[in-house]
Amino acid sequence: MKCSDIKKMLAEYIDGTLTESNKALVEAHVASCKMCAEEVAFLKTYIKEAGSLEKMKAPADFLEKVHERLERRFSFEKLMRTLFVPIRIKVPLELAGVMATLLLAFFVGRIVISGIGEGPPAMLAERPEKAAPWNVTQAKQMAKQAYQHSARGTESMAEYKAASSAAAPGADMYGGYVDYDMSPEGGMSGASSACYYPAEPDYEVPEESIADLPEFIKSLNGKVTSQIYDENTGLLKELIVEVPSGKQYALLGKLKAFDYIISSTENVDAEDEGNRALKIVFK
Amino acid sequence: MNSDPKNITTSSSEDISLVQAFCNGEKEAFDRLVLKYKDKVFNLCYRFSGNREDADDCAQEAFIKVYRSLTRFRQESSFSTWLYTITSNTCKNKLASIRYKEGKIAIRLDKPVSTEEGSVTREIKGHFPDPKRELERKEKGAIIQEAIDTLPQDQKTVVVLRDIEGLSYEEIAEVTGHAIGTVKSKLSRARDVLRMRLKGLI
């Protein structure tokens with residue numbers, strides 16, 4: 001047999017648990033193999049020595065130390081249990097705490113997000129629902145808000161343009177929606193693009209002033225070419241007017257307290273001697 | 001381990017009675033178990049760790065674990081085997097900790113041993129019935145312990161349980177969770193290493 005095969009059996013040979021036939025094989029091999037014989041000799045010596053090693057004894061106060069360790073360990077655990085209550089109460093409490101934290105985070109998040117989002121676009125988009133041209137108090141409040149946003153003057157024009165272009169076509173915004181550029185100072189520039197013309201905050205809106213518009217236009221040497229009244233309310237809904245060139249600013253000044261849409265299909269760039277045709281739709 | 005079958009049966013019956021008494025609320029039963037097995041457990045821990053301080057710590061911790069889980073002992077094995085399992089695992093975990101690794105010192109087997117009479121070299125001495133024999137036995141024990149300390153944890157476990165504590169292969173398999181064949185294989189490899197390390201020293 002090979003040494004490697006004998007080696008596998010040496011442990012059991014030393015233990016005395018080999019079968020008689022295997023034991024005979026090992027002894028026959030060991031008798032003729034010096035290396036395996038040395039291996040067997042070592043194992044016998046080693047196992048004898050290892051089995052005779054001094055049995056180390058525990059310290060005399062071992063039991064007391066175990067009790068002390070138990071006491072320390074359980075005191076800590078008892079403290080934890082006392083602090084954090086039984087599981088059947090702790091878990092629901094923790095769940096409640098988590099829910100409360102989530103709710104708080106949700107509401108705070110909503111407030112923060114709505115605060116960030118607040119601004120001309122959102123406010124302007126809401127105005128149509130809130131705006132009621134016949135409600136003086138509302139009109140003044142909304143005018144004041146719009147004016148605050150417009151307080152920066154031309155700086156706000158870009159916002160208003162963006163807001164108006166974001167709005168649905170034809171959507172009205174407080175103070176007016178023109179599809180040709182107008183500066184807050186009243187100047188005109190070019191071509192069709194939306195413009196927000198904010199109302200002045202403390203401008204009093206007499207309820208009957210819309211009805212006075214035709215007279216006012218006439219006073220500008222303009223004329224009303226068409227008037228359309230609401231069938232249900234009987235209030236003036238639409239005006240098509242012609243005003244002399246240059247007089248449109250005065251008309252716009254008169255209109256600034258109303259909710260309206262004004263449009264013109266003419267090119268109003270150039271100053272000419274003709275009239276300006278304007279369509280005013282009241283909301 | 002006591003190899004007399006009758007004594008084993010008696011011992012096992014006593015252990016079961018103590019476990020049942022503990023489960024019934026008699027805390028003193030645990031004390032009796034500690035007193036019965038403390039030396040065995042301590043010795044096992046010493047052979048695993050190589051020093052008394054760590055052995056004391058591991059042994060106490062092993063009994064703490066016994067105390068905490070004694071009511072869950074299902075008697076699928078003997079109490080002593082179960083206790084050895086807990087002790088072996090406790091030592092393995094503690095000794096594998098970083099602290100232990102940092103404190104471990106490599107020892108040369110040919111390093112002289114300091115005794116009350118001064119340093120002596122490690123040599124094989126004959127067996128003589130005189131006071132020196134005790135000293136020689138202790139030195140030889142120290143040499144073997146140092147050699148065992150150099151073994152990997154899994155080999156050290158089977159060597160300690162088999163060659164020092166005298167557990168059967170079946171008991172070692174139960175304690176370690178290995179198959180019997182694996183136990184024999186690890187033991188064979190460990191003894192090969194020890195043979196190289198102890199050559200000429202024992």
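In what follows, every chain begins at residue 1, and chains take the letters A, B, ... in the order their sequences are listed. Heavy-atom basis, side chains included; hydrogens, waters and symmetry copies ignored.
Heavy atoms of B:L194 lying under 4.5 Å from chain A belong to its backbone as well as its side chain. Both the backbone and the side chain of A:Y46 come within less than 4.5 Å of a heavy atom in chain B.
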Under 3.5 Å donor-acceptor pairs involving side-chain atoms of residues 18-26 of chain B, not counting sequence neighbours:
{"residue": "B:N24", "atom": "ND2", "partner": "B:Q20", "partner atom": "O", "Å": "3.2"}

Assess the residue pair A:R69 and B:D57 against the criterion (salt bridge (charged side-chain N to carboxylate O under 4.0 Å, His left out)); give the C-alpha distance rounded to whole Å, side-chain angles, the decisive distance to 0.1 Å, and a yes or no. CA-CA 10 Å; A:R69 192 175 281 219; B:D57 187 34; 2.6 Å; yes

Checklist entry - Should A:V66 and B:F30 be marked as a side-chain contact (heavy atoms from CB on, under 4.5 Å) after you check the CA-CA gap, both sets of side-chain angles, and the distance that decides it? => result CA-CA 11 Å; A:V66 169; B:F30 172 74; 4.0 Å; yes

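The distance from atom CE of A:M56 to atom NZ of B:K40, rounded to the nearest 0.5 Å, is 15.5 Å. Atom CD1 in B:I164 sits 11.5 Å away from atom CD in A:E49 (nearest 0.5 Å). Atom-to-atom distance recorded for A:F42:CZ and B:L198:CG is 5.0 Å, nearest 0.5 angstrom. Atom NZ of A:K55 is separated from atom CG of B:L44 by 10.0 Å, given to the nearest 0.5 angstrom.
Per-residue counts of heavy-atom pairs under 4.5 Å with chain A were compared for B:R195, B:R191, B:E61; the largest is that of B:R195. Heavy-atom pairs under 4.5 Å with chain B peak, among A:T45, A:L63, A:L43, at A:L63. When each of B:D56, B:V160, B:V34 is checked for heavy-atom pairs under 4.5 Å with chain A, B:D56 comes out on top.
Heavy-atom neighbours of A:E71 CD from other residues, nucleotides or ligands within 6.0 Å: at or below the threshold of 12. B:K65 NZ: more than 12 foreign heavy atoms inside a 6.0 Å radius. Remark: A:K23 NZ is loosely packed, at most 12 non-hydrogen atoms of other residues, nucleotides or ligands lying under 6.0 Å away.
Here the side chain of B:D39 pairs a donor or acceptor atom with the backbone of A:A58 at under 3.5 angstrom.
B:Q60 places a side-chain heavy atom less than 4.5 Å from the side chain of A:F62. Contact check for A:L53 versus B:Y46: no side-chain heavy atoms found under the 4.5 Å cut-off.
Interface with chain B: from residues 5-21 of chain A, residues A:K7, A:A11, A:E12, A:D15 qualify, criterion being any non-hydrogen pair under 4.5 Å.
Salt-bridge check for B:K199 with A:E38: failed, with every basic side-chain N at 4.0 Å or more from each acidic carboxylate O.
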